[in-house]
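Single-structure report; data block below.
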Amino acid sequence: MKNTSIEPHSIRTRFAPSPTGFIHLGNLRSALYPWAYARSKQGDFILRIEDTDLERSSAEAVEVILEGMKWLGLDIDEGPFYQMQRIDRYRAVIQGMLEQGLAYYCYMSEGDLNNLREKQIANKEKPKYNGTWRPEPGKQLPVIPSGVKPVVRFKNPKDGSVIWKDAVKGVIEISNDELDDLVIARPDGTPTYNFCVVVDDLDMKITHVIRGDDHVNNTPRQINIIQALGGLVPIYAHLPTVLNDQGEKLSKRNGAMSVRDFQKAGYLPQAILNYLARLGWSHGDAEIFSKEELIQWFDLESLGKSPAQFSPEKLLWLNHHYISHANSIELAQSAIPFAKLAGIDFVAEVAQNGPDFVKVVDLLKARSNTLVELAQAAKLFYMAPPLHQTQSKEYQDLITDAIKPAIRDLVQALKVSDGSKESIGIAMKAVLSQHGLKMPALAMPVRYLLFSTTQTPAIDAVISILGVDEVVQRLNV
Ligand code: GLU
């Protein structure tokens, strides 16, 4: 898919998820946009797993992320890289910064820090580290206390401000006054989150950081560290949050479905991809587009500026679109696992004698919103013929003495038809006019005799797929 002949390796984007539990569609959107941007510019897309939060990270969540990306076809060029495997690298950078005077040890104890914070809050000041241990020319530092393990702080610039032109939010300026000397290593030496991100973005030569806008506050801190390290500041694009249809942030607590849930509910990856692409980005008024079109059209200029609202109805509508327009052979392949779950036992004799699954899928796809619905509807064709209780009220109501002659005539007409939907249609019309009946008067009892239900797709198509011989046997009245 990637064409490396044009501007090789110019654009490099990344998806940097924290594998902490629940992965919803909004999370995957944060993978889709950097992927689409890299692909649209013949660049590289990198996957980095930010797993340093040991308590909340899980291998299971990593699996869900990898699986979800694979399902949507978001192929990666490099990675996955795991931050936990790069700890030595972060420590080495911290060491280098200490040696160059870009960072310093701070021995302020937790208790002193808390006291400081309380005092500042009482004075209505913004809580901030006061720089006690920050080395300055001519400044005498306190005596190092015994028994306190220091943190390492980044020497944030004191003056000026950080300015960047966010591709979504426009120019953002944050005064350095507002920024603390960020802790980059904890007392046990482990690097902190913002620091790892910076080292990784630099080492991985990321040119465009496209991520959720919950990270806007981290950006000025990250930019200052990048600049201190002499790195090139990437372009940032902070994506507005995805809200649910109630206007709340997507989360498990308020009923958001996980990526796997959508897979299980019978959504096609093409529908999800198309839906997520539109959820915060647009190309004119295009609503339905292929992955290739997305790649061709994707740009940062057309990213939405306000929160996107997740609409289950619209996603379902798109899913129906993709199912009904799918190639029936491919769709049948995707539907087989769902059919098995719905109870179709393809190995059983009754199913073996049943119609070709591709034909059934072809008939049902226009009326199915999901693969689950398709599979449920397909079941009809693979069940043993119903055993009717001819004395039951339902049977008596539908299979009346008045209709029986028409059914018998239909059987005769079917026997001489060629089995195609068209010839079955002609046979039915002939019987209807011969008996002065309207279509439902005949179709309903016929459906009932065939399947014990009056709900089926168009009866001529159903008879054609089930096969005239089988139908004739079931219409025995
Ligand atoms: N790991 C962060 C998250 O999952 C993303 C960090 C980033 O993209 O810079 O929210």
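First listed ligand is number 1; within each ligand, the first listed atom is number 1. These numbers were taken from a predicted model, which means no experiment stands behind them.
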For atom 8 (O) of ligand 1, which protein heavy atom lies nearest, and how many Å away is it?
-> Arg14 NH1, 2.7 Å
Presence of salt bridge, Arg260 and Glu60, under 4.0 angstrom | yes
Would the number of heavy atoms belonging to other residues, nucleotides or ligands and lying under 6.0 Å from CD of Glu349 be above 12?
-> no
Validation row, ring centre Trp35 to ring centre Phe15 under 6.0 Å = no
For ligand 1, which part of Pro17 has a heavy atom less than 4.0 Å away: the side chain, the backbone, both, or neither?
-> backbone
Against heavy atoms of His215, which atoms of ligand 1 measure under 4.0 Å?
-> 2 (C), 3 (C), 5 (C), 6 (C), 10 (O)
Checking heavy atoms under 4.0 Å, the part of Tyr236 that sits near ligand 1 is neither
Where ligand 1 meets Glu50 - atom numbers and elements under 4.0 angstrom, heavy-atom basis = 1 (N), 2 (C), 5 (C), 6 (C)
among protein heavy atoms, the one nearest atom 4 (O) of ligand 1 is Ser18 N, 3.1 Å
Evaluate side-chain contact (heavy atoms from CB on, under 4.5 Å) for Thr190 paired with Ile87, printing each intermediate quantity in order.
-> CA-CA 8 Å; Thr190 55; Ile87 299 289; 5.7 Å; no
Could you name each residue pair satisfying ring pair (Phe, Tyr, Trp, His ring centres under 6.0 Å) that touches residues 99-154, not counting sequence neighbours?
-> Tyr107-Trp133
Side-chain donor-acceptor pairs of residues 356-365 under 3.5 Å, sequence neighbours excluded:
unit_1, atom_1, unit_2, atom_2, d
Asp356, OD1, Val358, N, 3.1
Asp362, OD1, Ser328, OG, 2.5
Lys365, NZ, Ala326, O, 2.6
Lys365, NZ, Ser328, OG, 2.9

So which heavy atom in the protein is nearest atom 6 (C) of ligand 1, and how far is it from that ligand atom?
-> Tyr193 OH, 2.9 Å
Could you list the atoms of ligand 1 found under 4.0 angstrom from a heavy atom of Ala16?
-> 1 (N), 2 (C), 3 (C), 4 (O), 5 (C), 6 (C), 8 (O)
